[in-house]
Protein chains: 2
Amino acid sequence: MRSRRPGRPRHIQTPDTDLSARDQVLDAAARLFVRQGFAATSTREIADKVGIRQASLYYHFASGKDEILGELLQQSVRPTVDKVAQIEGMCPPEAPETALYVLMLLDVRTLASLPHNTGFLARLPEVTRSPAYEPYDKTRRGLEDAYERLGRQAVGSHVVVPGTTGEWLLNHAETVILMRRSGDRIGGAAEAAIAASGLRMCGASQDQIDTAARQAEQILPVT
Amino acid sequence: MRSRRPGRPRHIQTPDTDLSARDQVLDAAARLFVRQGFAATSTREIADKVGIRQASLYYHFASGKDEILGELLQQSVRPTVDKVAQIEGMCPPEAPETALYVLMLLDVRTLASLPHNTGFLARLPEVTRSPAYEPYDKTRRGLEDAYERLGRQAVGSHVVVPGTTGEWLLNHAETVILMRRSGDRIGGAAEAAIAASGLRMCGASQDQIDTAARQAEQILPVT
DNA sequence: GTCTATACTAGGATAGAC
DNA sequence: GTCTATCCTAGTATAGAC
């Protein structure tokens, strides 16, 4: 039981959280990146928020800002993607709308509960061009494919020309990011409304939507 | 008829366009801002693209980057807003879906044809926090209000809790920005599909959508 | 209207002490 | 593990010549 922290003590204070220093950096960076943008945020600013010196960041992230960014991006997709396979398995194939509804709801909920709305990071141009973006993008494409499959199976797929259904639906789910940004509280009602709108875009009737919503209730809490 | 341009000749070349130097700057800046972000774009880069020296920018825009940004933001909303009033007047009040459809189509078309997809600029965090953002935002809120009015009148407004219908619909229309960003060609079909999806989100039937689309054809080309 | 030259600031990164 | 000290680069902005 080591009561003392290793290394030289911090300039100002010992942290009041029980988060590791590394996680404190990630948290502070996330907040700043989302608020002001990645390029517009300096390493000094991040360090200040954490309560350490700028140079100390490089102990935890040897490659600086970009490495921090990469980690935050991964955290923003992993949780959803990890659950997609299960979902497709658990849904009755005779009601593809339910599977689509569940996928959207899961996606929306995940994005809605991400700390500091980090889902937004991937929309920044500086981020898109960063090398840290590539692994994130690969993962996200998997998600888009799932939307494409389920969207096609669901009802009429009125939504748009074939081939971009997945893109449309994923974009629609991700509007929750914009809603959080504009300050709206995202409650269960709003989450459900997004999922319902998605089905409506595919041409589902109100009956089908109600059914999907009911069935989803029994599937989602489980995961 | 003055055959010589005023002032000292440029470092490299006389421009091959007939655009004013000021407009050349705006054009180059727009392309760069959208591609890499506002904060990540330097005044040197802009000047390079135009073919002048960095310092020469300050002749046209005394306050630097922010002034350029402000002008680009204005250009991205004005055209739509200027036409909204006309539209609300021209549409038969007994078919509010048509008015909504027309508004969306107009909005989408404008965004789709903006040079360099400058509609995207307003989504950048650095931009949102810039003083240049405020006048743009004021204008945009007017648009949102129009969406709210028409959305409420249209069909069921299933879309979501009252008060945010305008926000939802405007966001939906603006997905065209994301589509352009992901490289999709935006044709008339895609434009119509977005408008139709918007009505569908409000609970419109396929019949109502078809009618709205037909009526819109006669209203829009006129403006 | 554009140039050259230059001053100034801010941000990223490294070395070595504690 | 964090500090101090410092270097270096890149970016903004101004002054005055052409």
Side-chain angles (χ1 to χ4, degrees), chain A residues 2-29 32-33 36-70 126 129-132, chain B residues 2-29 32-33 36-70 126 129-132:
Chain A
R2 359 205 232 79
S3 58
R4 277 260 166 263
R5 298 170 174 272
R8 177 169 170 170
R10 285 191 186 175
H11 177 52
I12 312 253
Q13 70 209 356
T14 10
D16 47 345
T17 43
D18 51 344
L19 287 170
S20 70
R22 198 188 145 89
D23 286 339
Q24 292 177 55
V25 171
L26 285 172
D27 186 76
L32 290 168
F33 289 167
Q36 351 179 333
F38 176 70
T41 302
S42 69
T43 53
R44 282 184 219 276
E45 250 175 315
I46 300 172
D48 281 353
K49 291 279 178 187
V50 176
I52 61 177
R53 301 296 196 182
Q54 182 260 346
S56 305
L57 287 178
Y58 289 81
Y59 173 82
H60 302 286
F61 301 90
S63 315
K65 263 168 75 174
D66 296 275
E67 193 180 342
I68 300 178
L69 174 65
E126 331 96 91
R129 298 165 60 84
S130 155
Chain B
R2 2 204 230 81
S3 57
R4 277 260 165 264
R5 298 171 174 272
R8 175 169 172 171
R10 285 189 186 175
H11 176 52
I12 312 252
Q13 71 209 352
T14 10
D16 48 344
T17 41
D18 51 346
L19 288 171
S20 70
R22 198 188 146 88
D23 286 340
Q24 292 177 55
V25 172
L26 285 172
D27 186 76
L32 290 168
F33 289 167
Q36 352 179 336
F38 176 71
T41 302
S42 69
T43 53
R44 278 184 222 279
E45 253 176 313
I46 300 172
D48 281 352
K49 291 280 179 189
V50 176
I52 62 178
R53 300 298 196 180
Q54 183 261 345
S56 305
L57 287 179
Y58 290 81
Y59 173 80
H60 301 285
F61 301 90
S63 317
K65 267 169 71 173
D66 297 274
E67 193 180 343
I68 300 178
L69 174 64
E126 330 96 91
R129 299 166 59 85
S130 155

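For clarity, every value in this text was computed on a predicted model and none was experimentally measured. Within every chain, numbering begins at 1; the chains are lettered A, B, ... in the order of the sequence lines, protein sequences first and strands thereafter.
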Point to revise | 4.5 Å side-chain heavy-atom contact, Phe61(B) and Leu69(B) | key: no

**Study point:** Partners meeting salt bridge (charged side-chain N to carboxylate O under 4.0 Å, His left out) with Arg22(A) (sequence neighbours left out)
**Key:** Glu71(A)

Set out, line by line, the N/O atom pairs under 3.5 Å between protein and nucleotides 14-18 of chain C.
none

Point to revise | Backbone N/O of Ser42(B) and side chain of Glu45(B): donor-acceptor pair under 3.5 Å | key: yes

Check your understanding: Roughly how many Å is it from CG in Leu57(A) to C1' in dA13(C), rounded to a whole number?
Key ->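 Answer to the nearest Å: 11 Å.
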
Check your understanding: In whole angstrom, what separates Glu126(A)'s CD from dG12(C)'s P?
Key -> 13 Å

Check your understanding: How many angstroms lie between NE2 in His11(B) and CZ in Arg53(B), if you round to the nearest 0.5 Å?
Key ->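 Atom-to-atom, His11(B):NE2 and Arg53(B):CZ are 3.5 Å apart.
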
Check your understanding: Does Ser56(A) put a side-chain nitrogen or oxygen below 4.0 Å from OP1 or OP2 of dC3(D)?
Key -> yes

Check your understanding: Under 4.0 Å between a side-chain N or O of Arg10(B) and OP1 or OP2 of dT2(C)?
Key ->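 Result: yes.
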
Check your understanding: Partners of Ser130(B) by side chain to side chain donor-acceptor pair (under 3.5 Å), sequence neighbours excluded?
Key ->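 For Ser130(B) there are no side chain to side chain donor-acceptor pair (under 3.5 Å) partners, ignoring immediate neighbours.
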
Revision key, fill the gap. Ordered by number, residues from residues 16-24 of chain B within less than 4.0 Å of DNA chain D (heavy atoms) are none

Review point. Listed in order of residue number, which residues of residues 42-53 of chain B have a non-hydrogen atom at under 4.0 Å from DNA chain D?
Key: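 Only Ser42(B), Thr43(B), Arg44(B) qualify.
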
Point to revise | Set of side chain to side chain contact (heavy atoms under 4.5 Å, CB included) partners for Thr43(A), sequence neighbours left out | key: Gln54(A), Leu57(A), Tyr58(A), Lys65(A)

Review point. Which heavy-atom pair separates Thr41(B) from Gln36(B) by the least distance, and what is that distance?
Key: OG1-OE1, 3.8 Å

